[in-house]
Amino acid sequence: MEFRHLGRSGLMVSEISYGNWITHGSQVEEDAARQCVRAALDEGITTFDTADVYAGTKAEEVLGRALQGVRRESLEIFTKVYWPTGKGPNDRGLSRKHITESLHGSLRRLQTDYVDLYQAHRFDYETPLEETLRTFDDLVRQGKVLYIGVSEWTAEQIGRALKIADEMGLDRLVSNQPQYSMLWRVIEAEVVPLSEKEGVGQIVFSPIGQGVLTGKYLPGQPPPEGSRATDPSGGNFISRMLKDDVLTRVQELQPIAGDLGLSMAQLAVAWVLQNPNVSSAIVGASRPEQVRDNVKASGVKLDAEVLKKIDDVLGPVVERDPSKTVSPEKRP
Ligand SMILES: NC(=O)c1ccc[n+]([C@@H]2O[C@H](COP(=O)([O-])OP(=O)(O)OC[C@H]3O[C@@H](n4cnc5c(N)ncnc54)[C@H](OP(=O)(O)O)[C@@H]3O)[C@@H](O)[C@H]2O)c1
């Protein structure tokens, strides 16, 4: 496993991290979840990503139990706040009250005194940015959070937050967590250039397109049994990528991966890691074998000719529109 700096910070993260959205506390049983975490640790993954909202807070509990007994200093634990964790009007968003309370819940569930990175899971139009950033800074001063980041913020929102932090002398954002894959490149036009200039690293999610880029979903065929597309919660999220024109072109990537001696999942993860602004690619897994497959993408170099072949194959199905980075106008 190779390691990278998280943005311009001093923190090192494994360039492949393990995330537990859809899986822990939901699609997979606790035993399988534990085996995936064990496989991740055995393969050299040190960075783990979760969120308060995953599986209605259960995902953090499962991860907390799975990491019990592992030396805390050998791990980087990331979680997030924004989406609802309860029914009340203050159980959501980025207010001082919800951020503070949600972090306390996350620390309890993860069985740790601090998280390495605390991320605003979307932009909250209903809270002044100064309030959010001051609260994050307070949690850093209290030692409960070591670094702060955001997820799916636009370049304009990230830039504004950095300006306020500088003016108010607050801790700066070190990371953004966007969706990024061969199929979804919306950060390249605006978020990446701003982030490179400002020392913000991308911790990218769904690098394998939720499984689509493994090539296991075939055009015109029902999804394979036990895959995310057949899961009641996961199915909704992946369905927008399961279009025949996308799946047909993905099949055409098979010879490119084969010539390089890579699995399709490895090619997908290696592809996002070619971008130097990416600090880490967060992979999900429903089985330990998937983790073992995916980690072999660490350290793989893809030359310009391979990158061009991939672009030629995927052509019009690649999404590049920066306006696709959106947060809800009203709190959910
Ligand atoms: N910040 C955000 O808003 C946000 C949003 C989404 C995700 N995330 C983070 O990013 C993490 C990863 O997201 P993701 O799970 O969508 O990423 P992904 O790595 O693109 O997809 C993971 C899924 O693909 C399938 N898969 C993975 N490796 C495979 C392999 N080698 N062979 C066959 N199938 C394979 C598995 O699903 P099946 O076996 O069930 O098919 C697995 O659960 C999440 O856990 C979370 O931490 C963040």
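If you read the sequence from its start, that first residue is 1, and numbering goes on from there. When a ligand or atom number is given, it counts from 1 through the structure's own listing order.
Among all protein heavy atoms, the one lying closest to atom 48 (C) of ligand 1 is Q177 OE1, 2.9 Å. Nearest protein heavy-atom contact of atom 40 (O) of ligand 1 is Q27 NE2, 2.7 Å. The single protein non-hydrogen atom nearest to atom 43 (O) of ligand 1 is R228 NH2, 3.2 Å, given as residue, atom name and distance. Scanning the protein heavy atoms around atom 2 (C) of ligand 1, the nearest turns out to be F205 CE2, 3.3 Å. For atom 39 (O) of ligand 1, the closest non-hydrogen atom of the protein is S286 OG, 2.6 Å. Closest protein heavy atom to atom 36 (C) of ligand 1: Q290 OE1, 3.4 Å. Among all non-hydrogen protein atoms, the one lying nearest atom 11 (C) of ligand 1 is I282 CG2, 3.6 Å. The closest protein non-hydrogen atom to atom 47 (O) of ligand 1 is D49 OD2, 2.6 Å.
Remark: R141 fails to qualify as a cation-pi partner of F136 under the 6.0 Å distance and 45° angle criteria applied to the six-membered ring.
For Y217, the closest heavy-atom approach to ligand 1 falls below 4.0 Å. Under the 4.0 angstrom criterion for non-hydrogen atoms, Y54 is in contact with ligand 1. Ligand 1 is approached by N20 to a heavy-atom distance shorter than 4.0 Å.
Ring orientation note: the planes of H121 and Y54 are nearly perpendicular, at an angle over 60° on the 30°/60° scale.
Every atom of ligand 1 with a heavy atom of H121 under 4.0 Å away is listed here by number and element: 1 (N), 2 (C), 3 (O). Close approach of ligand 1 to G19 (heavy-atom distance below 4.0 Å) involves ligand atoms 45 (O), 47 (O). With ligand atoms numbered from 1 in the order given, ligand 1 contributes 20 (O) to contacts under 4.0 Å with heavy atoms of G209. Atoms of ligand 1 lying under 4.0 Å from at least one heavy atom of D293, given by number and element, are 31 (N). Those atoms of ligand 1 with a heavy atom of N294 less than 4.0 angstrom away are 27 (C), 28 (N), 30 (C), 31 (N).
Scanning A265, G284, A285 for the heavy atom closest to atom 27 (C) of ligand 1 points to G284. Counting heavy atoms only, G211 comes closest to atom 24 (O) of ligand 1 of the residues S206, S181, G211. Ranked by closest heavy atom to atom 33 (C) of ligand 1, the top entry among H24, Q210, K216 is K216. Of the candidates Q179, R122, E152, the one placing a heavy atom closest to atom 3 (O) of ligand 1 is R122.
Donor-acceptor pairing under 3.5 Å is recorded for the side chains of T46 and E76. Donor-acceptor pairing under 3.5 Å is lacking for the side chains of Q177 and S151.
Geometrically, ligand 1 and K80 share no nitrogen or oxygen pair separated by less than 3.5 Å. Geometrically, ligand 1 and W21 share a nitrogen or oxygen pair separated by less than 3.5 Å. Between S227 and ligand 1, no pair of N/O atoms sits closer than 3.5 Å. Considering backbone and side-chain atoms alike, V283 places every N or O at 3.5 Å or more from each N or O of ligand 1. Close N/O approach between S151 and ligand 1 is found [any backbone or side-chain N/O within under 3.5 Å].
Aromatic ring centres of W21 and F237 lie closer together than 6.0 Å. Taking the six-membered ring for Trp, W271 and Y180 have ring centres closer than 6.0 Å. You'll find the ring centres of Y18 and H24 inside the 6.0 Å limit.
Here the closest non-hydrogen pair linking S279 and G7 is OG-N, 3.2 Å. Annotation for P207 and V283: closest pair CG-CG1, 4.0 Å, computed over non-hydrogen atoms. Closest of all the heavy-atom pairs between I208 and T214 is CG2-CG2, 3.6 Å.
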**Study point:** Check against side-chain contact (heavy atoms from CB on, under 4.5 Å), R172 and D166
**Key:** CA-CA 7 Å; R172 294 184 114 228; D166 290 346; 2.9 Å; yes
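In terms of hydrophobic clustering, with Ile, Leu, Val, Met, Phe, Trp and Tyr side chains grouped at heavy-atom distances under 4.5 Å, V115 and I203 are assigned to different clusters. The hydrophobic cluster containing V150 does not contain I282, counting ILVMFWY residues as joined when their side-chain heavy atoms lie under 4.5 angstrom apart, directly or transitively.
Only the side chain of T214 comes within contact range of ligand 1, with a heavy atom under 4.0 Å; no backbone atom does. When heavy-atom distances to ligand 1 are checked against a 4.0 Å cut-off, I208 comes that close through both its backbone and its side chain.
None of R249, Q251, K243 except one satisfies the side chain to side chain contact (heavy atoms under 4.5 Å, CB included) rule with P219; the exception is Q251.
The existence of a salt bridge linking D124 and K330 is excluded, since no basic side-chain nitrogen approaches an acidic carboxylate oxygen closer than 4.0 Å.
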